[in-house]
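To start, the structure under review is shown below, and the notes come after it.
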2 protein chains.
Amino acid sequence: MSADIDQIIKRSQEVCASTGNKLTEKRKNVLTVLLASTIPLSAYDIVDKYKAQFQESLPVMSVYRMLDFLIQEKLVHKLETAGQYMSCAHITCNHQHETPQFLICDRCGSVKEIGIKKHIIEDLERSIQSTGFALAHQQLELHGVCKQCQAISK
Amino acid sequence: MSADIDQIIKRSQEVCASTGNKLTEKRKNVLTVLLASTIPLSAYDIVDKYKAQFQESLPVMSVYRMLDFLIQEKLVHKLETAGQYMSCAHITCNHQHETPQFLICDRCGSVKEIGIKKHIIEDLERSIQSTGFALAHQQLELHGVCKQCQAISK
DNA sequence: TTGGATATGATATAACATATCATCCTTTCG
DNA sequence: CGAAAGGATGATATGTTATATCATATCCAA
């Protein structure tokens with residue numbers, strides 16, 4: 001485990017402790033698998049990587065439960081448009097989480113998580129207000145082509 | 001078929017003709033099923049409704065193909081976060097389509113399609129520009145609770 | 001009328017997700 | 001200490017969304 005990942009895990013344990021929950025060995029391992037990946041993974045991808053990395057087979061049911069837990073602790077995001085999961089890019093940040101905005105490359109599958117500007121969200125909310133709709137978990141998933149893939153196709 | 005739906009279908013036929021394509025009987029029926037629904041439907045939902053409405057069984061494979069066609073003609077939208085489909089609320093409008101923005105009620109499943117303000121999209125694009133990412137099909141799916149459901153829960 | 005293009009059918013399977021009941025492990029409290 | 005309770009995980013089955021592939025049918029143009 002790289003020093004970086006080690007540090008993020010340590011911070012994750014603190015996050016869980018602060019909510020009165022436990023980052024068990026297996027939950028920690030699932031998070032580690034996600035941290036080690038440059039692209040988001042499906043629950044079934046995680047089963048495979050987990051087996052390769054830890055020589056231990058995990059039922060997909062358990063992976064889903066552990067993902068639910070990690071999402072609840074805000075250590076992991078689910079990409080709804082892809083049915084995939086990725087670790088939060090800001091686990092070690094102390095500041096409050098902004099509304100996450102994901103730039104999903106439809107060519108290579110990489111995803112960049114950027115914070116969305118507050119005033120854009122505010123504009124969006126204002127634009128919605130007249131309809132009486134109450135926004136829930138705000139998360140924007142934007143599809144396109146990343147810089148690297150654009151360079152390649154030229 | 002209601003007069004409203006009848007008119008939308010007529011307009012849809014013109015749209016297809018203008019792109020050199022045909023709104024066949026079955027494609028028209030699939031669109032009719034979607035137009036008649038107040039909530040978005042999955043491909044499998046459409047199979048069921050189609051059977052009830054037209055006394056004819058359609059393979060789900062065909063439904064997916066027809067949906068692909070209708071989406072290409074911009075008569076139908078796919079909600080990526082839900083795996084469901086709905087007819088475009090603006091088929092009979094002549095103006096150019098704005099970036100669609102969907103307000104999805106997580107309680108009752110209803111979806112409201114509203115046009116997003118141009119300046120918000122421009123802000124979003126500017127916010128993304130620095131990363132070198134090229135946006136593709138722009139569509140925002142926002143989850144929350146609609147006005148009616150808020151009223152009920154009070 | 002025939003031949004190519006487009007549309008649809010049939011079958012199989014992949015990929016993502018949940019329901020349910022059983023088992024195991026830890027914590028707590030008498 | 002030891003049993004009860006609650007949380008975490010395992011095992012099995014099944015539901016839901018989507019695609020691959022090959023076959024058949026329909027339509028239009030040369």
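Below, chain A is the first sequence line, B the second, and so on; all start at residue 1.
Donor-acceptor pairing under 3.5 Å, judged by distance alone, is absent between the side chain of A/Tyr64 and the base of C/dA19. One can find a donor-acceptor pair under 3.5 Å joining the base of D/dG10 and the side-chain atoms of A/Arg65.
Atom-to-atom, CZ of A/Arg27 to P of C/dC25 comes out at 16 Å; the value is rounded to the nearest Å. Atom-to-atom, CG of B/Leu23 to P of C/dA7 comes out at 11 Å; the value is rounded to the nearest Å. Protein atom OH of A/Tyr50 is 8 Å distant from nucleotide atom P of D/dG10, rounded to whole Å. Going from atom CG of B/Leu79 over to atom P of D/dT16 covers 18 Å, rounded to whole Å. Counting to the nearest Å, the C1' atom of C/dA19 and the CE atom of A/Met61 are 8 Å from each other. Between A/Ile46 atom CD1 and C/dA15 atom C1' there is a gap of 14 Å when expressed in whole angstrom units. Rounded to an integer number of Å, the gap from B/Asn21 CG to C/dT8 C1' is 16 Å. Taking atom CG on A/Leu41 and atom P on C/dA17, their separation rounds to 13 Å, with Å as the unit.
Put simply, B/Lys78 has no side-chain N or O that comes within less than 4.0 Å of OP1 or OP2 on D/dT17. One finds no side-chain N or O of A/Ser42 lying less than 4.0 angstrom from the OP1 or OP2 phosphate oxygen of C/dA15. The shortest distance between the side-chain N/O atoms of B/Lys26 and the OP1/OP2 oxygens of C/dG9 is below 4.0 Å. Listed pair A/Thr24 / D/dA8 fails the phosphate criterion, with no side-chain N or O lying under 4.0 Å from OP1 or OP2.
Ring stacking holds between A/Tyr44 and C/dC16, with the centres under 5.5 Å apart and the planes within 30 degrees of each other.
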Check against side-chain hydrogen bond (donor to acceptor under 3.5 Å, both in side chains), B/Ser42 and B/Asp45: CA-CA 5 Å; B/Ser42 77; B/Asp45 292 338; 3.3 Å; yes
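Residue A/Met66 is in sugar-phosphate contact alone, with no base atom involved, counting any heavy-atom pair closer than 4.0 Å across all strands shown.
Among the nucleotides D/dG10, C/dT26, C/dG9, the one closest to any side-chain atom of A/Pro59 is D/dG10. When distances run from any side-chain atom of B/Tyr85 to the nucleotides D/dA8, D/dC28, D/dA18, the shortest one goes to D/dA18.
The residue among A/Phe69 and B/Asp45 whose nearest nucleotide of DNA chain D is located toward the 5' end is A/Phe69.
Contact of the B/Leu124 side chain with the B/Leu140 side chain is registered, since non-hydrogen atoms from C-beta on lie closer than 4.5 Å.
Taken together through direct or relayed side-chain contacts under 4.5 Å among Ile, Leu, Val, Met, Phe, Trp and Tyr, B/Leu35 and B/Leu41 form part of one hydrophobic cluster.
A salt bridge is absent between B/Arg27 and B/Glu73: the closest approach of a Lys/Arg side-chain nitrogen to an acidic carboxylate oxygen does not fall below 4.0 angstrom. Under a 4.0 Å N-O distance rule, the pair B/Asp123/B/Arg126 qualifies as a salt bridge.
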